[in-house]
Amino acid sequence: MRRPRGEPGSRAPRPAERVTYAGPGESWSPPPSSVLRILLSAQTSPARLSGLLLIPPVQPCCLGPSKSGDRPFGGGPVQGLQRLLEQARSPGELLRWLSQNPTKVRAHHYPVALRRLGQLLVSQPRPSPVEQATLQDLSQLIIRNCPSFDVHTIHVCLHLAVLLGFPSDGPLLCALEQERRSRLPPKPPSPHRPAIYGGQRLEVALSCPRFLQYPRQHLIRSLAEARPEELTPHVMVLLAQHLARHRLREPQLLEAIAHFLVVQEAQLNSKVVQKLVLPFGRLNYMPLEQQFMPCLERILAREAGVAPLATVNILMSLCQLQCLPFRALQFVFSPSFINHINGTPPSLIVRRYLSLLDTAVELELPGYQGPRLPQRQRVPIFPQPLITDRARCKYSHKDMVAEGLRQLLGEENYRQNLTVPPGYCTDFLLCVSSSGAVLPMRTQDPFLPYPPRSCQQDQANFNSTTQDPAQRVVLMLRERWHFCRDGRVLLGSRALRERHLGLMGYQLLPLPFEELESQRGLPQLKSYLRQKLQALGLRWGPEGG
């Protein structure tokens with residue numbers, strides 16, 4: 001029995017001619033096995049194609065009609081072909097379904113085919129050798145039909161081709177890029193630098209919402225291959241925001257941002273600098289670039305009075321790095337600066353940041369002799385759990401730990417989510433006597449005095465009487481999202497909070513997420529908490545007396 005045309009097991013006749021794309025004024029011939037070598041590199045580095053698995057299945061209705069007016073949605077053969085493409089078992093089968101069903105193929109089928117190609121390469125640790133002609137024919141098929149694509153389909157195909165590793169100067173990306181540009185209104189050429197696609201490739205990857213999880217190796221490679229004139233402030237800001245948003249503590253990329261900031265110092269204003277400096281504080285990374293701090297101090301001296309919020313944002317990042325410049329602090333604590341921000345839209349957030357900077361001066365800069373934030377201008381720093389904790393509360397261990405403490409200590413012997421002066425929210429707080437007994441919270445003041453320099457005087461007063469001063473123990477949950485992506489370095493804001501609470505006199509008991517995740521059930525968790533508390537010498541219940 002003859003196999004129907006287009007069935008998976010049938011052999012496709014090889015096209016007699018292949019369309020070869022040539023850029024303006026030049027001809028192109030593919031180097032031997034270039035596409036094959038790039039695509040098969042997935043067997044040694046499968047993470048390179050992992051971004052394709054994050055893209056949801058392409059739906060016909062979301063891609064819109066094609067340029068020629070054909071509607072990509074509907075019933076019957078069109079949707080049936082999409083299912084066949086999504087279930088294809090090899091690149092050759094993908095090519096057969098596309099080339100042998102010309103009356104059923106619509107524009108949205110090509111992104112489906114590219115996505116399936118990436119899934120095939122990822123799912124097979126050692127894919128069988130693929131004929132070079134098959135991959136070339138698939139590329140040429142897209143090139144031949146891309147003039148009929150709508151703008152969205154062109155963008156999707158372009159991004160998928162970049163993820164698959166097709167060379168930027170190859171025929172597929174050149175044809176898609178040419179179609180993309182042909183749909184845009186003409187723009188005057190930039191007088192400062194030529195438009196080079198190499199730099200655009202990094203920008204496209206960073207600015208597309210679907211590719212915020214772009215492979216780190218590709219970012220590093222794209223940055224290394226880019227020419228200096230391609231690295232614009234816009235591209236570097238996108239890179240800095242990408243690293244900060246996804247907690248990627250990549251030294252090579254961070255050092256590149258620091259070097260760019262130093263080299264382009266004269267051309268950057270504080271509103272751009274605040275975005276470039278953000279990942280250093282958030283990721284708790286001090287760059288090796290020796291001119292990093294001198295450069296920032298010069299920018300702050302030059303721009304401090306221009307954009308108050310940007311100035312304070314830069315200082316917040318430096319506060320997390322424990323390298324606050326005295327001269328900039330004297331400026332933001334000056335009466336003229338404070339009067340200038342009062343009544344402006346960002347007044348509350350600036351005052352909150354200034355309150356945190358004043359706390360850092362109090363706790364970490366004993367040698368500072370300049371002006372301080374007036375008491376009437378101070379506001380609580382973090383009066384409630386941080387936004388990330390509230391957004392991920394269903395993944396947090398806090399409720400489980402709270403139930404373990406309730407059964408272990410009794411709910412009258414600890415406080416949850418208590419905000420202590422000058423405004424740090426604690427996960428769990430205990431009051432403990434000098435002998436280690438856990439004390440009922442109703443009998444104790446849970447707050448230590450702030451500023452802490454008065455704490456020594458209070459301690460002397462306690463020692464001069466018969467009273468027994470209580471210690472405050474803070475249980476700190478260290479959730480997975482409190483760390484950089486590698487899971488070893490605390491984010492700058494978390495490290496700052498723990499550092500300040502310790503300097504104020506609170507005894508910290510960290511509860512790492514690795515240990516919490518290993519507890520199976522409430523009995524194991526109670527045993528774990530008991531061991532943690534007993535290791536500090538704490539006693540409770542009948543034995544606590």
Side-chain angles (χ1 to χ4, degrees), residues 15 17-30 34-35 38 55 58-73 78 98-99 102 105-115 117-118 135-211 214 222 225-227 229-230 232 234-235 238:
E17 295 183 1
R18 297 193 187 98
V19 178
T20 301
Y21 175 82
E26 61 179 359
S27 61
W28 185 89
S29 58
S34 60
V35 179
I38 291 171
I55 306 174
V58 181
Q59 300 295 331
C61 58
C62 73
L63 293 176
S66 66
K67 184 179 178 182
S68 60
D70 295 331
R71 299 195 63 83
F73 52 88
V78 175
L98 291 174
S99 61
V105 176
R106 299 293 183 269
H108 75 275
H109 287 138
Y110 295 98
V112 175
L114 285 175
R115 181 178 185 275
L117 177 61
L135 297 174
Q136 289 184 4
D137 289 345
L138 183 59
S139 300
Q140 298 297 339
L141 196 60
I142 298 175
I143 293 171
R144 197 159 52 233
N145 291 277
C146 68
S148 65
F149 292 177
D150 61 279
V151 175
H152 183 76
T153 305
I154 291 174
H155 276 277
V156 173
C157 287
L158 184 62
H159 293 149
L160 288 171
V162 169
L163 273 184
L164 283 167
F166 282 91
S168 60
D169 57 349
L172 179 58
L173 282 177
C174 287
L176 291 170
E177 176 65 12
Q178 182 175 349
E179 283 296 327
R180 183 189 72 85
R181 294 186 181 186
S182 68
R183 315 296 174 86
L184 299 176
K187 294 183 179 180
S190 172
H192 302 291
R193 59 182 179 89
I196 302 176
Y197 180 68
Q200 291 180 359
R201 185 178 184 182
L202 180 62
E203 182 176 349
V204 166
L206 291 170
S207 57
C208 179
R210 289 178 182 263
F211 295 93
Y214 216 66
S222 299
E225 293 176 352
R227 300 176 183 177
E229 60 269 21
E230 298 171 7
T232 64
H234 176 66
V235 171
L238 288 176

Check against side chain to side chain contact (heavy atoms under 4.5 Å, CB included), L141 and V105: CA-CA 11 Å; L141 196 60; V105 176; over 6 Å; no
I need the [X] [atom1] to [Y] [atom2] distance, nearest 0.5 Å.
X: R181; Y: I154; atom1: CZ; atom2: CD1; value: 13.0 Å
X: H159; Y: L176; atom1: NE2; atom2: CG; value: 10.5 Å
X: H108; Y: C157; atom1: NE2; atom2: SG; value: 11.5 Å
X: I143; Y: L138; atom1: CD1; atom2: CG; value: 10.0 Å
X: L163; Y: L117; atom1: CG; atom2: CG; value: 12.0 Å

[X] to [Y] - nearest heavy-atom pair and separation:
X: P111; Y: L160; result: O-CD1, 3.5 Å
X: L172; Y: S139; result: CD1-O, 4.0 Å
X: R106; Y: H109; result: N-ND1, 2.9 Å
X: C146; Y: E179; result: SG-CG, 3.6 Å

Just so I know, are the side chains of P167 and L173 near enough to count as touching, which here means a heavy-atom distance under 4.5 Å? no
I'd like to check L98 versus Y110 (side-chain heavy atoms, cut-off strictly below 4.5 Å). Are they in contact? yes
Is H155 reaching over with its side chain to a backbone N or O of H152, donor-acceptor style, under 3.5 angstrom? no
Report the C-alpha distance between N145 and S148 in whole Å, list the side-chain angles of each, state the deciding distance to 0.1 Å, and finish with yes or no for side-chain hydrogen bond (donor to acceptor under 3.5 Å, both in side chains). CA-CA 6 Å; N145 291 277; S148 65; 5.1 Å; no
